[in-house]
Amino acid sequence: MITLKEAQDICWSEEYRPNTEILPLNEVLNRILAEDVYSDVNMPPFHKAAVDGFACRKSDLQHDLLVLGEVAAGSLAETKLQPKSCFRIMTGAPVPDGCDVVIMLEHTQVLPNGRIRFMKEKSSQNICFLGEDVLVSDLLLSAGTLLRSQDIGVLASAGKSTVSVYQSIRVGIIATGNELVEPHCLPNPSQIRNSNGPMIEALAQSLGAKAINLGIAPDQEAPLETIIERSLRENHLTILSGGVSVGDYDLVPIVLKKLQVKTHFHSVAVQPGKPSFFGKRGSSLVFGLPGNPVSSFVQFNLLVKNLIRKLAGQNNLSNETIRIPLSYDYQRRNAAREKWEPAQLNENGEIKALNYHGSGHLHALSFAKVLFQVPAGVASLRKGELVQALIL
Ligand code: AMP
Ligand code: MG
């Protein structure tokens with residue numbers, strides 16, 4: 001049995017360089033950028049009014065100012081600034097040459113003779129200056145970046161309507177167990193629905209992978225062997241759930257051995273979900289997750305998530321945990337193994353206990369906002385103590 005840290009080091013050192021493809025922006029959410037993207041414009045592209053009001057010279061503010069004209073967003077001033085004059089200007093419009101302040105409409109009084117008067121002592125500048133955010137040729141995003149919605153906005157601002165991303169890695173998902181039926185079936189008294197298959201499929205999809213749900217395999221060697229062999233051939237990564245432990249019907253390790261999958265580890269000292277298999281045949285990787293749905297979910301988050309990101313071409317995999325205080329005293333009976341507990345967050349951003357009955361209690365995860373770590377050897381934690389937490 002190895003520690004979680006050791007298991008993570010093994011999984012996350014896998015190397016794979018996917019091919020690239022060019023896609024439009026509306027298809028690249030959660031994909032990994034395969035090119036460095038530079039700006040072709042300054043941002044802002046001109047000195048830009050940050051508020052609605054009047055653009056003028058700061059040194060003229062003590063005088064009544066003649067309004068020379070109007071500058072709306074998308075247009076330019078038609079005349080030149082004169083002493084003791086100003087332009088009516090709208091948010092987003094280019095500030096006319098010579099103006100060094102935009103006074104807010106709310107701070108002015110309109111006079112009858114086509115003039116306005118500034119009614120305050122001082123004004124902020126209210127100008128976003130040319131290039132203050134980004135300059136032409138600045139590196140905006142580098143290859144290996146996971147594209148989130150804000151990044152897609154950045155790509156659009158730089159004129160990238162299509163972009164090069166790594167091709168999605170293929171992930172085959174197989175649920176194992178004689179007791180399983182597909183979600184559309186009504187289980188008989190000894191059966192349960194396959195919730196892991198769709199859950200793992202969704203987890204893989206949320207990482208930009210192409211997830212292929214291969215359904216349910218029974219606890220029998222021959223059909224298990226057939227479906228695993230197929231997935232090994234067709235996919236970069238195969239994720240199995242269930243049958244990975246040491247029960248009489250836990251055939252996954254036996255079948256994987258038969259299929260010449262080399263074991264990297266088979267047991268990780270973490271709760272929930274000690275039996276967790278990771279292995280490889282050629283360049284095809286295999287993960288065996290425990291069948292209990294919470295164990296599957298936790299192990300996926302702790303181990304598989306970053307493995308998929310790494311294979312998908314993402315750079316700078318960060319340890320995504322942050323330190324959050326507990327809002328209650330925590331205790332557990334058996335402190336031998338490191339444990340990851342699902343929990344909520346309260347309105348102060350502290351960890352709040354969840355009604356959670358153990359690793360079969362999938363529904364509890366619907367209310368969970370974090371998984372937090374209880375280190376090996378630690379049986380109790382006090383209210384206010386900081387714990388490592390993974391945001392879900
Ligand atoms: P196993 O790891 O095969 O021993 O399964 C552990 C527990 O998880 C058992 O109670 C199984 O019925 C349950 N389980 C296994 N696979 C799934 C699945 N795909 N969906 C929901 N529960 C499952
Ligand atoms: Mg089973």
Side-chain angles (χ1 to χ4, degrees), residues 1 4 7 171-206 209 211-228 230-231 235 237-259 261 263 265-279 286-305 337 339-342 356-368 371:
M1 189 149 66
L4 177 63
V171 179
I173 297 146
I174 304 165
T176 75
N178 286 338
E179 74 280 32
L180 301 179
V181 294
E182 289 297 5
H184 66 271
C185 300
L186 188 65
N188 73 26
S190 66
Q191 295 177 324
I192 57 162
R193 290 197 175 102
N194 170 21
S195 53
N196 286 349
M199 179 173 70
I200 297 166
E201 186 181 4
L203 282 163
Q205 279 170 347
S206 72
I212 301 111
N213 187 348
L214 296 166
I216 300 166
D219 295 316
Q220 291 164 32
E221 279 193 42
L224 252 182
E225 200 177 318
T226 308
I227 194 162
I228 297 175
R230 181 182 145 200
S231 183
N235 301 308
L237 171 65
T238 297
I239 304 178
L240 293 136
S241 99
V244 76
S245 191
V246 290
D248 289 349
Y249 296 95
D250 291 331
L251 304 173
V252 166
I254 297 165
V255 170
L256 290 176
K257 197 166 180 191
K258 223 167 152 189
L259 291 173
V261 173
T263 305
F265 58 77
H266 186 174
S267 190
V268 183
V270 68
Q271 246 184 321
K274 181 172 80 176
S276 232
F277 177 97
F278 181 52
V286 186
F287 228 101
L289 295 172
N292 268 312
V294 178
S295 309
S296 257
F297 183 83
V298 170
Q299 298 279 324
F300 188 102
N301 275 283
L302 296 177
L303 290 166
V304 185
K305 204 170 174 181
R337 273 187 280 157
K339 191 168 187 189
W340 286 78
E341 296 272 12
Y356 170 57
H357 309 145
S359 58
H361 190 182
L362 172 63
H363 186 215
L365 289 180
S366 283
F367 303 94
L371 297 173

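Each ligand, and each atom within it, is numbered from 1 in the order the structure gives. Basis for what follows: all heavy atoms, side chains included, without hydrogens, waters or symmetry-related copies.
- To the nearest 0.5 angstrom, Ser296 atom OG is 9.0 Å from Leu203 atom CG.
- A heavy-atom distance below 4.5 Å is found between the side chains of His361 and His363.
- Taking a 4.0 Å cut-off on heavy atoms, Ser245 fails to register as neighbouring ligand 1.
- Of all protein heavy atoms, the one lying nearest to atom 18 (C) of ligand 1 is Asn196 ND2, 3.3 Å.
- Contact check for Val261 versus Phe277: side-chain heavy atoms found under the 4.5 Å cut-off.
- Of the inter-residue distances, the one linking Ile216 atom CD1 with Cys185 atom SG reads 7.5 Å to the nearest 0.5 angstrom.
- Of all the heavy atoms of Leu180, the ones lying under 4.0 Å from any atom of ligand 1 belong exclusively to the side chain.
- Around the OH atom of Tyr356, the shell of radius 6.0 Å holds more than 12 heavy atoms that belong to other residues, nucleotides or ligands.
- At least one heavy atom of Arg193 sits less than 4.0 Å from an atom of ligand 1.
- Nearest to atom 6 (C) of ligand 1 among the protein's heavy atoms is Asn292 N, 3.7 Å.
- Atom 19 (N) of ligand 1 has its closest protein heavy atom at Asn194 OD1, 2.9 Å.
- With Gly243, Ser195, Gly291 as candidates, the residue nearest to atom 3 (O) of ligand 1 on a non-hydrogen basis is Gly243.
- Of all the atoms in ligand 1, the ones that sit under 4.0 Å from a non-hydrogen atom of Glu179 are 11 (C), 12 (O), 15 (C).
- When hydrogens are left out, the protein atom nearest atom 4 (O) of ligand 1 is Asp250 OD1, 4.0 Å; that is the closest non-hydrogen contact.
- Atom CZ of Phe278 sits about 9.0 Å away from atom CG of Leu303, to the nearest 0.5 Å.
- Side-chain atoms of Leu180 and Ile192, non-hydrogen and from C-beta on, do get closer than 4.5 Å to each other.
- Contacts with ligand 1 closer than 4.0 Å are made by no heavy atom of Ile216, backbone or side chain.
- For the atom pair Ile228 CD1 and Leu251 CG, the distance stands at 9.5 Å (nearest 0.5 Å).
- Ranking protein heavy atoms by distance to atom 22 (N) of ligand 1, first place goes to Ile192 CD1, 3.3 Å.
- If you number the atoms of ligand 1 from 1 as listed, the ones under 4.0 Å from a heavy atom of Ala175 come out as 19 (N).
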